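Bear in mind the structure is a predicted one, so any value in this text is a computation, not a measurement. A note on names: the letters A, B, ... follow the listed sequences, proteins ahead of strands, and every chain is numbered from 1.
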Amino acid sequence: MKYSKMLIPTLREVPAEAEIESHKLMLRAGLMRRLASGVYSFLPLGYRTFRKIENIVREEMDRAGAQELIMSALIPAESYKETGRWEVFGPEMFRLKDRGDRDFCLGPTHEEIFTQTVKSGVKSYKNLPMTLYQIQTKFRDERRPRFGVMRSREFVMKDAYSFDADEQGLDESYNKMYQAYCSIFDRCSLDYTVVDADSGAMGGSGSQEFMVKSDIGEAQIAYCDSCGYAANDEKAQCLEQKVTVTEPALPLEEVETPEARTIEQLCEFFDCGPENFAKTLIYKADENIIAAVVRGDRELNETKLQNYLGCIELEMADDETIYKVTNAKVGFAGPVGLSIRIIADFEVKAMSNFITGANKTGYHIKNVNIDRDTENIEFLDIRNIALGDSCPVCHEKIKLARGIEVGHIFKLGDKYTKALDCLYLDANGKSQTMLMGCYGIGIGRTMASVIEQNYDEKGIIWPMAIAPYQVIIIPINISDQEQAAAADALYEKLLSENIEVLFDDRKERPGVKFNDAELIGIPIRITVGKKTGEGIVEYKLRKSSDMEEINIADVINRVKNDILKS
RNA sequence: CGGGAUGUAGCGCAGGUGGUAGCGCACAUGGUUUGGGACCAUGGGGCCGCAGGUUCGAAUCCUGUCAUCCCGACCA
């Protein structure tokens, strides 16, 4: 392709809308433009990479035996009403009505639609297992779209759904997808980690996320270098600590703490660290009010608590409710003398002579010992794992990192197939419910993650497999007959060898061309300059700082070689 | 949804005691240039987010509204 004919609106300056590197670079390199918050258009250069990622996904899905199809993004409400998700999705679903006032939505995910399709088309165990997928646009009206295409409201996702006769089959289908995902992300040159994820209150026997470690990631992951354990922090298990030091239990003492209600204020007031407190959080779990107690310096893990309680909704209680159950304003709740159900983290059991709220506005209690001072407390793991905690597998120190979720694989079991009566007849002619798995990859997010891991101060450094073009030819002076002719001949030659080449035929100064080539991240750069007469051109890889002069006749082989090697 | 900030040319920004708009880059034309974002000259481009209000007069002051971004909350 001739550069002069292409729409590549590179920007020198960073648009004010972008905060993170991948977002800035995607705008600066002319890969995409914003249309509305969380809605983006891909421009020609960006779309080439986008399609390459799609194709890698497609090839690996096909190789794993999955079949591609495409569903409508416009879906009638009935499809979601049967499983209750028309309500569950709430305002996150883009809803609309047709001229006859019938409810529709733009699909946020397609479990129901695939299940219906399989239900009507598959009747016998002989047709199972079956895995179907699509690469299609999803719509979610996110509360807060952010970081460009990382969290957008309209995004392309590959979503696959497997249907099996039994658990063993589901495991096999799941493992095939796991392998396919590894191949996909390997081919995209992504450095990723697979972590255990929470499978939600609705059951399911397993779920894993493919995470790209990055400071801008929205998920916290815990991992262990010595045994390889890795989990999303919603899932990462905190071990029950052995009680090692036991101070003699001191008598309870009520202390007036008029202006201290946060842990920070209390530390100052009592002149001690946050680990000497236990904080008591009042929650509304469906229709019940409960208290959750964790050490002062810990974070409550709502997912763990919700899974334990088995409730549909879990939210912090409002001030009024807190006053009703604790007899005190917010900030003075404590487990001692509290009459509602109390769930405490394991760690609280190991604490001695700690401080908690007194359930009396303006007062705290010192020297609390949970076993002595309270009863009927349920102890379990309800806190977030923290740096330096023990690995639940090998007991070494846990490390923390942030991650971008680029893929998620999930054993759904019979959640949807049961609700929608997706049945098959087994070998005995008996009706059985199919078991389902679902598997997603965000295409745009994957693209942004690759950039997040592959850039320098000059711009993007595309891995060969997904670069918009493999080679860029830069004639230093296009007005120079000899250079122009040599560059053009080289261009035609590369094209005839089916190499994807961008020919920078613009009448620009060399600096402009070099800077654009580096910004858009083309892996191989061939400069046709003053040694053209001697049959010499310059050859440089984007990812390396070495530049060498090679004979024009050797270029083709060199390029082919570098493409093969990558 | 709570907190914070910003809307002036394609991009980045200035202007602000009220008098109908400016800089850099980009763009167009001509010329000089040609190995790391050239120079000179000329030129095109703006309902100053939108709507009300105050005023003889509003980019500027007031009110409302919309949009965008950041932090948080929430969430397949």
Colleague: Below 4.0 angstrom from OP1 or OP2 of rA26(B), is there any side-chain N or O of Arg28(A)?
Modeller: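 Looking at the OP1 and OP2 atoms of rA26(B), neither is under 4.0 Å from any side-chain N or O of Arg28(A).
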Colleague: With a 4.0 Å cut-off on heavy atoms, is Glu538(A) in touch with a base, just the backbone sugar-phosphate, or nothing at all?
Modeller: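 Counting heavy atoms under 4.0 Å across all strands, the contact made by Glu538(A) includes a base.
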Colleague: For Lys119(A) and Tyr416(A), test the side chains for any donor-to-acceptor distance below 3.5 angstrom and give the result as yes or no.
Modeller: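 Checked: Lys119(A)/Tyr416(A) side chains show no N/O donor-acceptor pair below 3.5 Å.
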Colleague: Tell me whether the OP1 or OP2 atom of rG35(B) has a side-chain N or O from Thr527(A) closer than 4.0 Å.
Modeller: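 So the side-chain polar atoms of Thr527(A) never come under 4.0 Å of the phosphate oxygens OP1 or OP2 of rG35(B).
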Colleague: Searching all strands shown, indicate the nucleotide that pairs with rC75(B) (Watson-Crick or G-U wobble; both distances under 3.5 Å).
Modeller: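 Pairing partner: none.
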Colleague: Have a look at Arg506(A) and say if it touches a base, only the backbone sugar-phosphate, or nothing, with a 4.0 Å heavy-atom cut-off.
Modeller: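 Counting heavy atoms under 4.0 Å across all strands, no contact is made by Arg506(A).
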Colleague: By the 4.0 Å heavy-atom rule, please label Gln483(A) as base, sugar-phosphate, or nothing.
Modeller: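 Nothing, no nucleic acid heavy atom in range.
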Colleague: Any base atoms under 4.0 Å from Lys530(A), or only sugar-phosphate, or nothing? Heavy atoms, all strands.
Modeller: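 Base contact.
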Colleague: Measure the spacing between CE of Met150(A) and NE2 of His23(A) and express it to the nearest 0.5 Å.
Modeller: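 Result: 10.0 Å between the selected atoms.
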Colleague: Work out how far the P atom of rU63(B) is from that of rU54(B), and round it to whole angstrom.
Modeller: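 The same atom, P, in both gives a distance of 15 Å.
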Colleague: Mind checking the C1' distance from rC47(B) to rU60(B)? Whole angstroms is fine.
Modeller: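 To the nearest whole Å, 16 Å.
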Colleague: Ion pair present between Glu111(A) and Lys415(A), side-chain N to carboxylate O less than 4.0 angstrom?
Modeller: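 The answer is no: the pair does not qualify as a salt bridge.
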Colleague: Any base atoms under 4.0 Å from Lys458(A), or only sugar-phosphate, or nothing? Heavy atoms, all strands.
Modeller: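 Result for Lys458(A) = base.
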Colleague: Please classify the nucleic acid contact of Arg33(A) as base, sugar-phosphate, or nothing, using heavy-atom distances under 4.0 Å.
Modeller: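 No contact at all - Arg33(A) keeps every heavy atom at 4.0 Å or more from the nucleic acid.
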Colleague: When only distance counts, do a donor and an acceptor, one from the side chain of Glu13(A) and one from the base of rG24(B), lie under 3.5 Å apart?
Modeller: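 Flag set: donor-acceptor pair detected.
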Colleague: Both distances under 3.5 Å, Watson-Crick or G-U wobble: report the partner of rU6(B), or none.
Modeller: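 Because both required distances fall under 3.5 Å, rU6(B) counts as paired with rA67(B).
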Colleague: Which whole number of Å gives the distance between the C1' atom of rA9(B) and that of rA28(B)?
Modeller: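 To the nearest whole Å, 15 Å.
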Colleague: When all nucleic acid strands are considered with a 4.0 Å heavy-atom cut-off, which category describes Ala18(A): base, sugar-phosphate, or nothing?
Modeller: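 Nothing: the residue Ala18(A), judged by heavy atoms under 4.0 Å, touches no strand.
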Colleague: Does Arg509(A) have a side-chain nitrogen or oxygen under 4.0 Å from the phosphate oxygens OP1 or OP2 of rA38(B)?
Modeller: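 Yes.
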Colleague: Would you measure the distance from the P atom in rA59(B) across to the matching atom in rU20(B) and give it in whole Å?
Modeller: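 Going atom to atom, P in each nucleotide, I get 9 Å.
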Colleague: At under 4.0 Å between heavy atoms, what does Arg144(A) touch on the DNA or RNA strands: base, sugar-phosphate, or nothing?
Modeller: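 Base contact.
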Colleague: Measuring only the P atom in each nucleotide, how far is rA73(B) from rU55(B)? A whole number of Å is fine.
Modeller: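 Approximately 48 Å lies between the P atom of rA73(B) and that of rU55(B).
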Colleague: By the definition side-chain contact (heavy atoms from CB on, under 4.5 Å), identify the one residue from Val194(A), Val212(A), Thr446(A) that meets it with Phe185(A).
Modeller: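 That would be Thr446(A); it is the only one of Val194(A), Val212(A), Thr446(A) passing the side-chain contact (heavy atoms from CB on, under 4.5 Å) with Phe185(A).
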Colleague: Mind checking who rG43(B) pairs with, Watson-Crick or G-U wobble, both distances under 3.5 Å?
Modeller: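 Its partner is rC27(B).
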Colleague: Under 4.0 Å between a Lys/Arg side-chain N and an Asp/Glu carboxylate O for Asp456(A) and Arg542(A)?
Modeller: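 A salt bridge is present here (some side-chain N lies under 4.0 Å from a carboxylate O).
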Colleague: What does rA14(B) pair with, Watson-Crick or G-U, if both distances are under 3.5 Å?
Modeller: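 Check on rA14(B): unpaired, no WC or wobble geometry under 3.5 Å.
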Colleague: Let's test your reading of the model: under 3.5 Å, does the base of rG36(B) pair with the side chain of Arg525(A) as donor and acceptor?
Modeller: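 Yes.
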Colleague: Between rU68(B) and rC11(B), how far is it from one P atom to the other, in whole Å?
Modeller: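 Per the computed distance, 15 Å lies between those P atoms.
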Colleague: Taking the same atom, P, in rC62(B) and in rU6(B), what whole-Å distance lies between them?
Modeller: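 Comparing P positions in rC62(B) and rU6(B) gives a spacing of 14 Å.
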Colleague: Hey, are Glu218(A) and Arg144(A) close enough for a salt bridge, meaning a charged N less than 4.0 Å from a carboxylate O?
Modeller: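 Salt bridge flag = no for Arg144(A) with Glu218(A).
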